[in-house]
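By convention in this document, chain letters (A, B, ...) are assigned in the order of the sequence lines, proteins followed by strands, and residues within each chain are numbered from 1. All values below were derived from every heavy atom in this structure, side-chain atoms included, with hydrogens, water molecules and symmetry-related copies excluded. From a predicted model like this one, the values you see are computed outputs, not experimental measurements.
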There are 2 protein chains.
Amino acid sequence: MTTDPNTLLNDMFRAAVTSALPAACVPAHLPEPPKGRTVVVGAGKAAASMAKAVEDHWKGPLSGLVVTRYGHNVPCERIEVVEASHPVPDAAGEEAARRILELVGTLGSDDLLLCLISGGGSALMALPAAGLTMADKQAVNKALLKSGASITEMNCVRKHLSAIKGGRLAVATKARVVSLVISDVPGDDPSVIASGPTVPDPTSFADALAIIDKYGIEAPESVMRHLTEGRDETPKPGDPRLSDARMVMIATPQMALEAAAEVARKAGYEPVILGNALEGESREVAMVHAGIARQVVEHNQPGRAPCVLLSGGETTVTVRGKGRGGRNAEFLLALTVALDGLPRVHALAADTDGIDGTEDNAGCITGPDTLARAAAAGIDAKACLRNNDGYSFFAGVGGLVTTGPTLTNVNDFRALLIEAP
Amino acid sequence: MTTDPNTLLNDMFRAAVTSALPAACVPAHLPEPPKGRTVVVGAGKAAASMAKAVEDHWKGPLSGLVVTRYGHNVPCERIEVVEASHPVPDAAGEEAARRILELVGTLGSDDLLLCLISGGGSALMALPAAGLTMADKQAVNKALLKSGASITEMNCVRKHLSAIKGGRLAVATKARVVSLVISDVPGDDPSVIASGPTVPDPTSFADALAIIDKYGIEAPESVMRHLTEGRDETPKPGDPRLSDARMVMIATPQMALEAAAEVARKAGYEPVILGNALEGESREVAMVHAGIARQVVEHNQPGRAPCVLLSGGETTVTVRGKGRGGRNAEFLLALTVALDGLPRVHALAADTDGIDGTEDNAGCITGPDTLARAAAAGIDAKACLRNNDGYSFFAGVGGLVTTGPTLTNVNDFRALLIEAP
């Protein structure tokens, strides 16, 4: 039995996405209903679809409020869904965050607070600490982004300007807290995803001040006062208020790759997972992937053909041209050029959220004859690559992969399939 | 028994280089002496050290002439060694090429012509076809380099402007031809290494003209006439004059990686060869390597720790700063920054020719404590990386790897060692 490479690539991508769909990954992780009330809160691009999955499978009464991105709504019956702005926060998200904090404050020790956390939650559920404004926070944020500070450093500062991040949501309630988390960050660090509203924070006001100082951030007067006064510190690891809180990773980039690997294995292909969090400039990351695929073709390393190389993570595109397409189109076009028609190698790259950049495709698919088909259609692959025009290239050769928004996100999915000789 | 990671990394690099040293790889591949004379010719950065290895092990009379790069000489007794310019050809190389062609023309069918080919041979043994000048060839070369033509296309044109490339050396003699080749090119294509002076050429004058036309190359009048007249075509695959010619790859990037892999295996580390010809911008290639190492640490994929990730090939550096260091220093500094002190991961990157760029080191070595040691010494890793200053960084932390010129070249060597948990 021979599997068509394109079919297998699409099946693997579908398996990766499916593993992260709330309908698939939420039900098995729902806790036992409490003696008291159950309240659902949450934030992130998958918040509404997670809420829907809870509603569909929860036995017993339920209410709550979640915030998702504009356009990512899924109608729920018992849980209110609010839409807000991402990546730049807006008043809708701030108001929702305030209401969520109030809501969890009404719960008692017999109650259950179910938190649904996914990527984007930090911006969607932004709430400045008392005495600060959203404008204050954003000024610091902007300066941090330009400063060269690491993500860890930026998060430390953010958590100390927020009323809800860094475990503050969890300590605002007396209820038992269970967080279900869909990760889109390298390493799946729960204190990073949506800035960890229910997770202890090892960093302090003093750390935040040191970072402001280290990078010479010109912070507003109110921010400096807030950090210096250092009232209402985030809960630290070991804080008894969080001793009962549970955190479950229900979907991660690694789980998605493992789901794809299982599809490959069943089809008789050796899966080789290179990494679930590969980063770098898309076209350069593509050249490395091409080199590894060539090594499989020529030396059966690091896997024996038939074989599938899998990787996740988020590449970046330095835009120099005026073309269309997201980072997966860019990756796959660069890969196609680098492979230069190498026989036996097919590949798919797509965003598991279903949207590659700002286009209508999730990603693209390529094979040994793609360059020839492009040439026949009068499409110059190298010129498209120079112009960051991956979308047009794959549209022209019939290589777009389209799913529509999946309402979940475990980052990018890349698969290179190398047929047997 | 625990092996020190630094020792093991250095042992692997030494094994990789040793596998490619002419003293190690030439003797086993020497053919039987002929009834008649034995003449040695050759060109490349390893030509003199290859000639010396032949002299040291050849039973019987011997003479010959090889061309190597300035500074790459090794004193020989019976084989004359000429030094010439690389990568831009000079009159010394042209004169040597002319003498080599004359010399091989004096041989008869009982004689043996031993050709010693290594990287750089194309420039070192450049000889324009009759009616053309070196200036003509260089004008076309320059235009090709700017045109966006592929290496394959450039080689096609070059072979049709040469008196010696593309198999012409081999058809200029009646002797039996045996070529010993050290490869520094991706895919080890013998028609690419030193432009394949003893290997049939599948391309034609018509192909060369089509390429000139395709890229709108403004070639000198004499070149256009030469290509259009199309006299003295290169020998094609199947040409009876080459039916007796033998070509032996005696050292390649893959063999070097396999030699390192064997050292790893003996030390109890699983070797994972990612690719022998990985290309791309050094710092981006480093980010991908860092991501794969992290995957080993977190998920024992694509190899189970203790494990060594190996790769070869030549990365590139887009110079933006004013610092010092070659592509391996740049790779390793970017890797160090990307790993951010990740425990259990050590790495070495070096050029097998013993010279990383234009400095005195072959490469560098790094480990989990390198960033901390740099910080303690007041060295800012990220600032060094922005300034392309890998050499200064590793000089400052005592991480330079120095071998001196090895007089061979199988491209870059990279090893990431991940200790057991």
Just wondering, are more than 12 heavy atoms of other shown residues or ligands nearer than 6.0 Å to CZ in A:Arg373?
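Yes, because the 6.0 Å sphere around CZ of A:Arg373 holds more than 12 heavy atoms from other groups.
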In terms of heavy-atom contacts, does CZ of A:Arg304 have more than 12 from other residues, nucleotides or ligands at under 6.0 Å?
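No.
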So do the side chains of B:Ile273 and A:His299 get within less than 4.5 Å of each other, counting heavy atoms only?
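They are not in contact (no side-chain heavy atoms under 4.5 Å apart), so the answer is no.
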Compare all side-chain heavy atoms of A:Arg283 with those of B:Glu284 and state whether any distance is below 4.5 angstrom.
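Counting from C-beta outward, A:Arg283 and B:Glu284 never come under 4.5 Å.
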Does any heavy atom of chain A fall under 4.5 Å from the side chain of B:Glu258, the backbone, both, or neither of them?
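Just the side chain, heavy atoms under 4.5 Å.
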Please state whether the side chain, the backbone, both or neither of B:Val272 comes within less than 4.5 Å of a heavy atom of chain A.
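Only the side chain of B:Val272 comes within 4.5 Å of chain A.
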Using every non-hydrogen atom in the two residues, find where B:Leu278 and A:Val288 come nearest and quote the distance to one decimal.
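For B:Leu278 versus A:Val288, the nearest heavy atoms are CD2-O, 3.9 Å.
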Contact summary for A:Ile292 and B:Ile292, nearest pair of heavy atoms:
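Minimum heavy-atom contact is CD1-CD1, 4.4 Å.
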When B:Met287, B:Gln254, B:Glu298, B:Glu279 are compared by non-hydrogen pairs under 4.5 Å with chain A, the top option
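Counting heavy-atom pairs under 4.5 Å, the top option is B:Gln254.
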According to side chain to side chain donor-acceptor pair (under 3.5 Å), who are the partners of B:Thr366, at least two apart in sequence or on a separate chain?
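For B:Thr366 the side chain to side chain donor-acceptor pair (under 3.5 Å) partners, ignoring immediate neighbours, are B:Thr336, B:Thr370.
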Distance in Å, B:Leu274 CG paired with A:Gln301 CD, rounded so as to fall on 0.5 Å steps
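Nearest 0.5 Å value for the CG-CD distance: 9.5 Å.
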